[in-house]
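Everything on this sheet refers to the single structure shown next.
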Amino acid sequence: QQPVQSPQAVILREGEDAVINCSSSKALYSVHWYRQKHGEAPVFLMILLKGGEQKGHEKISASFNEKKQQSSLYLTASQLSYSGTYFCGTEPPSGGSYIPTFGRGTSLIVHP
Amino acid sequence: KAGVTQTPRYLIKTRGQQVTLSCSPISGHRSVSWYQQTPGQGLQFLFEYFSETQRNKGNFPGRFSGRQFSNSRSEMNVSTLELGDSALYLCASSRDGGNEQFFGPGTRLTVL
């Protein structure tokens with residue numbers, strides 16, 4: 001079952017912050033975050049493993065709450081280059097198998 | 001370091017035909033995963049190959065198959081094409097699957 005991302009779309013001005021959430025109805029082993037710009041391939045941002053560790057990539061960070069089966073992506077002081085669609089990919093605990101399921105994406109538009 | 005390459009970039013086929021897509025991973029990466037991306041279903045995992053063996057498989061019919069060669073290059077085959085197979089097919093490579101994945105530019109398949 002696909003994880004649910006919210007919100008579906010975010011419009012920001014440069015310098016503003018945003019939070020994108022990813023929730024699953026199933027137990028999770030890991031959460032991956034990707035950004036895809038229009039007409040391009042997805043770019044890996046970070047992976048969070050079971051344990052609640054927060055990761056960071058430039059001014060983008062994420063948290064993973066395995067008890068709540070959800071992850072949040074934090075974009076701080078957004079830049080124009082942050083525009084794109086953000087996907088979360090979730091991986092259930094299935095004995096070492098990697099079978100990710102992806103959210104439908106959150107479209108982020110950053111205006112000057 | 002060269003990125004993931006996919007060929008061809010664009011393909012037009014008719015229903016009932018079959019198609020083979022190719023993916024060359026980043027040098028040193030042994031895991032290759034394939035994904036289908038459509039506006040309706042989003043990003044969906046097809047399968048993962050590691051050291052010439054299919055390690056994981058998503059929920060797709062048997063018409064979708066793949067293989068990996070000793071040099072880690074991978075091919076994906078779709079037989080008896082249906083209109084619904086029109087999609088962007090992405091492959092991604094990683095050192096050992098599941099962690100940081102690098103996507104190729106994709107093959108845009110149109111089935112008429």
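Nothing here was measured: the structure is a model prediction, and the numbers come from that model. Each chain gets a letter, A, B and so on, in the order the sequences are listed, and its residues count up from 1.
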Same apolar cluster: [X] and [Y], side chain cutoff 4.5 Å:
X        : Y       : result
B/Leu21  : B/Leu83 : yes
A/Leu12  : A/Tyr82 : yes
B/Leu11  : B/Tyr35 : no
B/Phe102 : B/Tyr49 : no
B/Leu90  : B/Leu46 : no

More than 12 heavy atoms of other groups within 6.0 Å of [X] [atom1]:
X       : atom1 : answer
A/Lys68 : NZ    : no
B/Arg63 : CZ    : yes
B/Asn71 : CG    : yes

Using a heavy-atom distance cut-off of less than 4.5 Å, which residues of residues 103-112 of chain B contact chain A?
B/Phe103, B/Gly104, B/Pro105

How many angstroms lie between CD in B/Gln101 and OH in A/Tyr34, if you round to the nearest 0.5 Å?
4.5 Å

Check the pair B/Gln37 / A/Gln36 against side chain to side chain contact (heavy atoms under 4.5 Å, CB included), numbers first and verdict last.
CA-CA 12 Å; B/Gln37 187 173 36; A/Gln36 186 175 27; 2.8 Å; yes

Flag the one option from B/Gly40, B/Ala92, B/Gly42 with the top tally of heavy-atom pairs under 4.5 Å to chain A.
B/Gly40

Relative to chain A, which segment of B/Leu43 carries a heavy atom at a distance below 4.5 Å: side chain, backbone, both, or neither?
both

A/Gln2 side chain to B/Gln41 side chain, donor-acceptor N/O pair below 3.5 angstrom
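No, B/Gln41 and A/Gln2 have no side-chain donor paired with an acceptor closer than 3.5 Å.
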
